[in-house]
Amino acid sequence: MDFVFSRFITKRMDYQFKDIEKKWQQFWAENHTFKADNQSDKPKYYVLDMFPYPSGAGLHVGHPLGYIASDIFARYKRLKGFNVLHPMGYDSFGLPAEQYAIQTGQHPAVTTAANIRRYREQLDNIGFSFDWSREVRTSDPSYYKWTQWIFMQLFNSWYNLETDKAEPVTTLIERFSREGNATVKAVADEDTPIFTAGEWNAYDEHTQQQLLLKYRLTYLKESTVNWCPALGTVLANDEVKDGFSERGGYPVEQKKMMQWSMRITAYAERLLNGLDTIDWPEPLKEMQRNWIGKSVGAMVKFPLAPASLVEESLDNIDKAIERKEQALDNAPDRKLNEQEADLADNSSLSFGEGWDEAIEVFTTRVDTIFGVSFLVIAPEHELVTQLTTPEQKAAIDAYIAQTKKKSELDRMADTKTVSGAFTGSYAINPLSGEKVPVWIADYVLAGYGTGAVMAVPSGDQRDYLFAKHFDLPVIPILDAQKDIDNQADATKEGRYINSGFINGMTYQEAIPALIQKLEELGAGRAKVNYRMRDAIFGRQRYWGEPVPVYFKDGLPHLIEEKDLPLLLPEVDKYLPTETGEPPLGRAVGWKYRPSSEKVLSSGEDLGEAYDYELSTMPGWAGSSWYWYRYMDATNEAAFAGKEAIAYWKDVDLYIGGSEHATGHLLYSRFWNKFLKDLGYVVEEEPFKKLINQGMIQGRSNFVYRVIDAEGKGTNTFVSYGLRSQYQTSAIHVDVNIVENDMLDIEKFRKFRSDFKDAEFILENGKYICGHEVEKMSKSKFNVVNPDDIIERYGADTLRMYEMFLGPLEQSKPWNTNGIEGVFKFLRKFWKLFHDDQFNFSVSDAEPTKAELKSLHKIIQKVQDDVERFSFNTSVSSFMICVNELTDLKCNKRAILEPLTIVLSPYAPHITEELWALLGHEKGTLSYAAYPQFNPDYLVEDEFAYPVSINGKTKMNLNLSLTIDQAEAEKQVLANADVQRYLDGKTPKKVIFVKGRIVNIVV
RNA sequence: GCCUGGGUGGUGGAACUGGUAGACACGCAGGACUUAAAAUCCUGUUCGCCCUAAAGCGAGUGCGGGUUCGAUUCCCGCCCCAGGUACCA
């Protein structure tokens, strides 16, 4: 009885995290402590987290890592006197909810809402200082209304290269009707024809709209998708494994499909240059640069030599080229095709058919053009059918069929296998006049550049392997190329050989000469190319934003703005239709009716009705502008009000995973630039500073089942250290019944019914589990839920422990092994304010020098750490500080009060409680002033110099910090211990670095 | 394949600009308090050699080289792991 009573007392008086945390979370919510104002005298600071996708599995311990870091930063900035905007919301459209809907028939909106409720509860438990009044959900019609609205702005815009920004399509139409399109410098489809003002004005509405679509920033484009005939649907890349669907294992093939695209390539140069103006991790910027992939080179046309000509002498071809050269003189690039066509007609007698066609390649090494020994085009290239000769047809068809099974990633990743097929046709090298065979091979991708490459085996390893494999010539082109018999040499050194008119020139001389020649011939031009492609903006799915477009006479039209939001219709199933249309095709009577007044009282609609676009927007649509919605989350007249945007401007600090480097972060920058061009936002770049947080991986635990002589599993499990003495098989065990790799045997027996009678071979009386780092997943029994940690240790411990785990940017496995240390720290901190009976007891005595030193060390350390996002080192320093103060038995207000403020961003609940106990008004801690650092308290006059001999530390020696090199040398060499280490040898040199080290070289 | 990051004790990590490698924790071992347990506190803990001990010697930051009085840190070459690779978000 006594024992129960004393435990009760201790529990009541000791650090009671559960009561404290609940109390303050409630207080903050009720008092709207963290509501940010859109007007303030304080400077603004916008701290943003990448919002989560609310999955059915709930929040796991990996999610809050970045949120805790940003919350510490946001709280710190409030203490430093900033008006902080720190919002949270949900990226709530996505594939998993839809998958779940397919399986269970539940509407994704219902499951998503439930998941969000769960997320919110879990987030609330951690004590974040979010301004929840600004919450957004991308799947909410009041939000996606504006996603659709932005889509409409993109549709209504074109990119003017003269002003280098997006403009309304109305200005383009005006230009066309006045001067045609020859003078318009715009980003447009490659196949855009040239027309005059007269022609434009004579076109019918349909033709005009067709032509405008080639300029709009969102447009329809034929793209390749993973098509699964068995499932009747398009699959995401991660739903495809080795050419088969992940679900069901059905074959997947590459299929072309008309899809919405975003003309992000128009912004390639600005996206590239903008990187120099923002404070992001250099590797992340590098990834974006590589993704954009700017390369300066040339477009070159290789005219086709029809198969019938192949056996004829090259003389004819030379003559043909000469004539062409004359005819093409000064021809503007755009009109080349037409002129070539004319030429072909005029000279058809001598040249036969096919001269109007050419294979266009992009190359960054136009100087290697004389080394071209074949061309390779993508198997999907439009000229393949035409180029294939009857003898080669079987081989080509077989190769195309084989290619269709491979994904782009497989095609790029596989560099070991050389494969390809000869079309039977040849093209003419426009500079050498030589005919070169045209091959198809899957390493050339249709979507990259022109879908064709000129192969230079002596300069490119991939071409080299191809040439060797198919026995094609390797032509050396530079005298500096080495070892050409064994491998390609991509050098730019030396002088050209076997290279016609550039023989003897250097790289620097050859490039301009070649470009000039190609331009004279009309066979090429200098060109800047980007690896980045226009982004596909459509998914054949249900759970996404409907595209606000309907089709009339086969052409897309925007619905009227007043009809926004275009709501997701109800469907009977979340599957494609029987005819292979996306799920929206199932919506009964879902049509656009521009004039609905013709509906009869019987309900019959006599008005026009048009089909809507049936695909939905991709996952990245809603996340490409959400930070603006937070600025003014409830505005019904705009995506965010002008004043709100003018005040908050941009995100000052953005924290999120580097896995978004080339997706979300590039698309967001693109939409931001577009919105700025139209004058809706004020900053060119949305995220001024960005910090990556690492991934939290799972740490799985294993038990080892003993296998008997017959190879059958027994019911006996052997501890990790003894497993090598037996034949065993490793089995995943729930990490939640394992502590410090020690198995809780009783819980294990209840873990699975077949373990009920399990027996154990123990080491030192314990069962030790094995461990491995893997992805955190349910099936591996390694998911750790933050709620369980909070239940046991509290939110403040969780917050500090997640930071203590290591540097924010580093990926690391979750491991609760060290959490006790953090929990003990908080209890020690609590004890500083209490006497042995846990009565609150703080003295007003003057602090000592040692106490002040301890305090000011931590003031400075935390300030430095937070500003360079090194949160883990702060936690260690807090521990050191509290250990020091405990040793000093310090309970002085003058020390503990500032310390409470310094710790509050990390452990907000315990500090709020102590702040109140110190006599301050409730809730004022969040807006207290960060204590002023005074360096005077840290001044030292002596330093224990490490003395090393030849770089090896031997001893420490106390020296005054004021002495110079000569005096230090004298004192060091005079020291008896130093002399002993020198052992009679004369020092050659003494290195002295003030406040750091003494090194004696002998 | 390509792009980007990482590799330090039994474990998480520290060492900020080339200057004492292993701070701070966890774990483990030993001890104190306790009838006992929990909690708390104290001591030790990179590895190897030597030793009763004290002390000492040597090696050591993925592997192999280099620059330097001095390298976890800078340079060159390799190995392994993680993220991205355009329909996961």
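Source: prediction; values computed, not measured.
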>> Rounded to the nearest 0.5 Å, what separates atom OG1 in A:Thr953 from atom CD1 in A:Ile997?
In response: 5.5 Å
>> Does the structure show a Watson-Crick or G-U wobble partner for B:U67, both distances under 3.5 Å? Name it, or say none.
In response: none
> Looking only at N and O atoms, is any donor in the side chain of A:Asn999 or the base of B:C69 less than 3.5 Å from an acceptor on the other one?
Replying inline: yes
>> I'd like to know if the side chain of A:Ser870 pairs up with that of A:Thr873 as donor and acceptor (distance under 3.5 Å, no hydrogens or angles considered).
In response: yes
> On a whole-Å scale, what distance lies between the C1' atoms belonging to B:C76 and B:U67?
Replying inline: 11 Å
>> Counting only side-chain heavy atoms from C-beta out, which of B:A15, B:A39, B:U4 sits nearest to A:Thr873?
In response: B:A15
> Mind checking whether A:Tyr267 and A:Trp671 have ring centres under 6.0 Å apart?
Replying inline: no
>> Taking pairing as Watson-Crick or G-U wobble with both contacts under 3.5 Å, can you name the mate of B:C88, or confirm there isn't one?
In response: none
>> Closest approach to the side chain of A:Pro946, judged atom by atom: which nucleotide of B:U20, B:C24, B:G19 is it?
In response: B:U20
> Out of B:G19, B:G13, B:U40, which has the shortest distance to the side chain of A:Lys824?
Replying inline: B:U40
> So what does A:Lys828 hit on the nucleic acid, given a heavy-atom distance under 4.0 Å: a base, only sugar-phosphate, or nothing?
Replying inline: sugar-phosphate
> Given B:A25, B:A15, B:A23, which nucleotide is nearest the side-chain atoms of A:Ser876?
Replying inline: B:A23
> Do the side-chain N and O atoms of A:Asp534 and A:Ser261 include a donor-acceptor pair separated by under 3.5 angstrom?
Replying inline: no
> Using purine N1 to pyrimidine N3 plus N6-O4 or O6-N4 for Watson-Crick, or N1-O2 and O6-N3 for G-U wobble, each under 3.5 Å, what pairs with B:A29?
Replying inline: B:U43
>> Do A:Phe537 and A:Gln259 have side chains that approach each other closer than 4.5 Å (heavy atoms only, starting at C-beta)?
In response: no
>> Counting primed atoms plus P, OP1 and OP2 as sugar-phosphate and everything else as base, spell out the protein contacts along nucleotides 76-89 of chain B at 4.0 Å heavy-atom distance: B, S or - for each nucleotide, 5' to 3'.
In response: ------SSSBBBBB
>> Can you tell me the base-pairing partner of B:G5? Count Watson-Crick or G-U wobble geometry only, both distances below 3.5 Å, and say none if there is no partner.
In response: B:C81
>> Using the side-chain heavy atoms of A:Phe943, tell me which of these nucleotides is nearest: B:G6, B:U20, B:C16.
In response: B:U20
> Using atom P of each nucleotide, how far apart are B:C24 and B:C41 to the nearest Å?
Replying inline: 15 Å
> What's the CD-P distance between A:Glu286 and B:G6, to the nearest Å?
Replying inline: 14 Å
> Does a side chain donor of either A:Gln863 or A:Glu867 reach within less than 3.5 Å of an acceptor in the other side chain?
Replying inline: no
> Of the candidate nucleotides B:A14, B:U20, B:G12, which contains the atom at the shortest distance from the side chain of A:Ile997?
Replying inline: B:U20
>> What's the gap between B:G83 and B:G77 when it is taken at their P atoms, as a whole Å value?
In response: 26 Å
>> Just the rounded figure in Å: distance from P of B:A25 to CZ of A:Phe825.
In response: 10 Å
>> Could you check whether A:Tyr143 and A:Trp625 have their ring centres less than 6.0 Å apart?
In response: yes
> Looking at B:A25, B:U20, B:G58, which one has an atom nearest to any side-chain atom of A:Asn956?
Replying inline: B:U20
> Between atom CD1 in A:Ile949 and atom C1' in B:U20, what is the gap in whole Å?
Replying inline: 14 Å
>> For B:C24, give the paired nucleotide (Watson-Crick: N1-N3 plus N6-O4 or O6-N4; G-U: N1-O2 and O6-N3; both under 3.5 Å), or none.
In response: B:G12
> Side chain of A:Ile991: nearest nucleotide among B:U4, B:U40, B:C69?
Replying inline: B:C69
